[in-house]
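All remarks here apply to the structure that follows.
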Amino acid sequence: MTISTETNDLRAAKPAASDAPGAANERWDGLILGASLATLDCADGYGEVRNAALGWRDGLITYVGPRDGLPRAPEALAHDVITTDGWITPGLVDCHTHLVFAGDRAREFELRLQGASYEEIARAGGGILSTVEAVRACDEDELLRQSLPRARALLADGATTLEIKSGYGLDFEGERRMLRVARRIGEELGIGVRTTYLAAHALPAEYREQADAYIEEVVQWLPRLHAEGLVDAVDAFCEGIGFTPAQTRRVFQAARALDLPVKLHADQLSDLSGAALVAEFGGLSADHVEHTSEESVRAMAAAGVVAVLLPGAFHVLRETRLPPLASFREHGVAMAIATDCNPGTSPLLSLRQAIQLACTHFRLTPQEGLRGATVNAARALGLDDRGALRVGMRADFVRWKIRHPAELGYWLGGDLAGGVWIGGQRVHHR
């Protein structure tokens with residue numbers, strides 16, 4: 001057994017060679033002492049535990065509570081014992097990203113600053129279609145090479161689970177390549193990855209004026225990709241510059257036939273009742289939701305649909321229409337937060353920064369922000385094994401160099417994550 005005392009630099013502790021095989025089978029893999037915990041294992045608040053202990057074994061949490069409540073002496077409980085300070089939270093869950101892509105769209109950023117609108121750029125052949133062209137020009141290895149740094153950046157700032165969408169291929173091989181790269185990111189970094197099929201993201205140039213025909217192709221590709229184990233959920237862009245509610249319904253019906261959950265880019269630029277459509281299909285989440293109506297909010301509440309707020313896109317596009325936050329609170333709709341990491345409207349590489357933007361633009365409290373990036377974000381992915389610190393859940397957690405959890409919604413940037421564990425394995429530390 002090794003005891004490591006650490007402050008700013010969390011060094012890996014190795015089990016002592018003298019540990020007998022029998023004892024090794026009975027001991028926890030790791031135990032952290034002294035830090036404060038924000039367990040989020042409560043209906044409201046941070047679930048604070050001061051001078052705490054957190055233990056894990058075989059990738060699962062075995063103890064969460066006060067240090068003086070441990071059943072035995074630390075050296076009798078775990079192979080690795082780390083004494084530290086700061087705060088520990090559940091690992092952050094980024095429940096909406098498009099981080100697999102090629103190239104960038106910095107020029108479009110310039111055009112928007114010069115007065116061009118998102119819709120004007122898209123209708124002129126820019127926007128999503130320009131990224132489609134770049135992705136189609138890449139093989140799988142090159143697409144992975146360009147995408148890995150973005151995933152590493154999110155991981156370094158506390159994200160332990162990522163949702164990654166397709167949607168920049170817009171043909172069978174392109175969508176397949178994107179989903180395969182997403183799976184490879186999870187394997188290479190040891191990070192949790194959930195893949196979402198978003199072929200109904202935009203109309204490719206070869207299907208101009210043939211949206212219904214393209215949707216039929218999207219529907220035909222889905223079971224083939226699902227059979228390869230590449231699809232965890234299905235999404236669409238239901239919007240005036242995207243696809244109609246009827247076309248979106250067709251995609252959702254195909255997902256239902258395969259028992260796949262659905263989510264939706266809903267009501268971002270206008271109210272097409274997209275959030276209500278997600279609710280009708282018992283979906284996981286409605287994302288963006290700036291224009292969602294009171295009626296749709298009620299439908300979301302009844303169906304348990306999570307509202308995923310994307311303040312990065314709101315910020316970059318300089319939007320002014322706020323999501324119906326008071327209505328979400330009134331009706332008990334869970335609010336999640338995600339980066340929406342993408343090359344055009346949210347080039348955001350920190351979920352913690354997304355929390356800060358949600359607090360600033362949407363007036364969320366820091367507590368709502370942290371819950372939105374953990375327990376509620378996990379729910380938006382249909383995951384009940386992470387997002388809180390609770391015995392039996394995955395040992396995904398972050399040790400932060402802060403004095404209170406509110407700092408996670410306070411600091412603009414900075415180096416706050418002192419260590420990141422996924423399934424009990426330390427994958428990042430400073």
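Under a cut-off of 6.0 angstrom, the local environment of CZ in F109 is sparse, with at most 12 non-hydrogen atoms contributed by other residues, nucleotides or ligands. The local environment of CZ in R403 is sparse, with at most 12 non-hydrogen atoms from other residues, nucleotides or ligands closer than 6.0 Å.
Between the side chain of E140 and the backbone N or O of R177, no donor-acceptor pair lies under 3.5 Å. In this structure, the side chain of W56 does not engage the main chain of A395 through any donor-acceptor pair within 3.5 Å. Remark: the backbone N or O of S293 is not paired with any side-chain donor or acceptor of R298 at under 3.5 angstrom. Side chain of E175 to main chain of L170: a donor-acceptor pair is present (N/O by atom type, distance under 3.5 Å, no hydrogens or angles). One N or O on the side chain of E108 and one on the backbone of G127 form a donor-acceptor pair closer than 3.5 Å.
The heavy-atom pair separating A233 from L260 by the smallest distance is N-CD2, 4.5 Å. Annotation for A313 and S346: closest pair N-OG, 3.6 Å, computed over non-hydrogen atoms. Contact between D171 and R136 at its shortest, heavy atoms only, is OD2-NE, 3.5 Å. Nearest approach of G409 to I355, heavy atoms of both residues: CA-CG2, 3.9 Å. When all heavy atoms are compared, the tightest approach of L284 to V278 is N-CG1, 4.5 Å. Across all non-hydrogen atoms, the minimal contact from A266 to G274 is CB-C, 3.8 Å.
Note on E142 versus R145: salt bridge recorded, some NZ/NE/NH1/NH2 to OD/OE distance being below 4.0 Å. One finds a salt bridge joining E188 and R152 here, because a Lys/Arg side-chain nitrogen approaches an Asp/Glu carboxylate oxygen to under 4.0 Å.
When side chains are defined from C-beta on, K401 does not count as touching E407, because their heavy atoms never get closer than 4.5 Å. Within the 4.5 Å cutoff, the side chain of D80 has no heavy atoms near those of the D29 side chain. Residues L348 and V316 have side chains not in contact (no heavy-atom distance under 4.5 Å, counting atoms from C-beta outward). The side-chain heavy atoms of D41 and V64, taken from C-beta on, include no pair separated by under 4.5 Å. The shortest distance between side-chain heavy atoms of Q220 and F172 does not fall below 4.5 Å. Looking at R390 and I61, their side chains never come closer than 4.5 Å, going by heavy atoms from C-beta outward. Put simply, the side chain of N342 does not reach to within 4.5 Å of the side chain of T131, judged on heavy atoms. At a threshold of 4.5 Å between non-hydrogen side-chain atoms, the residues I32 and W421 count as touching.
For the atom pair L309 CG and L357 CG, the distance stands at 12.0 Å (nearest 0.5 Å). Put simply, CD on Q253 and CG on L258 are 12.5 Å apart, with the number rounded to the nearest 0.5 Å. To the nearest 0.5 Å, atom CG of residue L269 and atom CD of residue E239 are 4.0 Å apart. With values rounded to the nearest 0.5 angstrom, I88 atom CD1 is found 10.5 Å from I402 atom CD1. Atoms CG and CE, on L99 and M178 in that order, are 8.5 Å from each other to the nearest 0.5 Å.
Residues forming a side-chain hydrogen bond (donor to acceptor under 3.5 Å, both in side chains) with Q356 (at least two apart in sequence, or on another chain): T360. H361 meets the ring pair (Phe, Tyr, Trp, His ring centres under 6.0 Å) test with F314, H315; sequence neighbours excluded.
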**Full working for side-chain contact (heavy atoms from CB on, under 4.5 Å) between L40 and T89** = CA-CA 8 Å; L40 303 179; T89 71; 5.6 Å; no
**Asked** Could you walk me through whether W221 and Y197 pass the ring pair (Phe, Tyr, Trp, His ring centres under 6.0 Å) check?
**Response** CA-CA 10 Å; W221 300 335; Y197 177 65; 7.3 Å; no
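Each salt bridge (charged side-chain N to carboxylate O under 4.0 Å, His left out) pair with one or both residues in residues 334-357, not counting sequence neighbours, appears once here: D157-R352. Evaluation of the side chain to side chain donor-acceptor pair (under 3.5 Å) test over residues 374-385, restricted to residues two or more places apart or in two chains, returns none. Applying the side chain to side chain donor-acceptor pair (under 3.5 Å) test to every pair with at least one member in residues 226-237, sequence neighbours left out, gives these pairs: K165-D235, R176-E228, R183-D232, T195-D232, D235-H265. Listed by first and then second residue, the salt bridge (charged side-chain N to carboxylate O under 4.0 Å, His left out) pairs that reach into residues 258-273 are E163-K263, sequence neighbours excluded.
The aromatic rings of Y168 and H201 are tilted relative to each other, their planes meeting at an angle between 30° and 60°.
When T345, L198, I164 are each tested for a side chain to side chain contact (heavy atoms under 4.5 Å, CB included) with H98, only one passes: L198.
The closest side-chain donor-acceptor pair between T161 and R386 falls under 3.5 angstrom.
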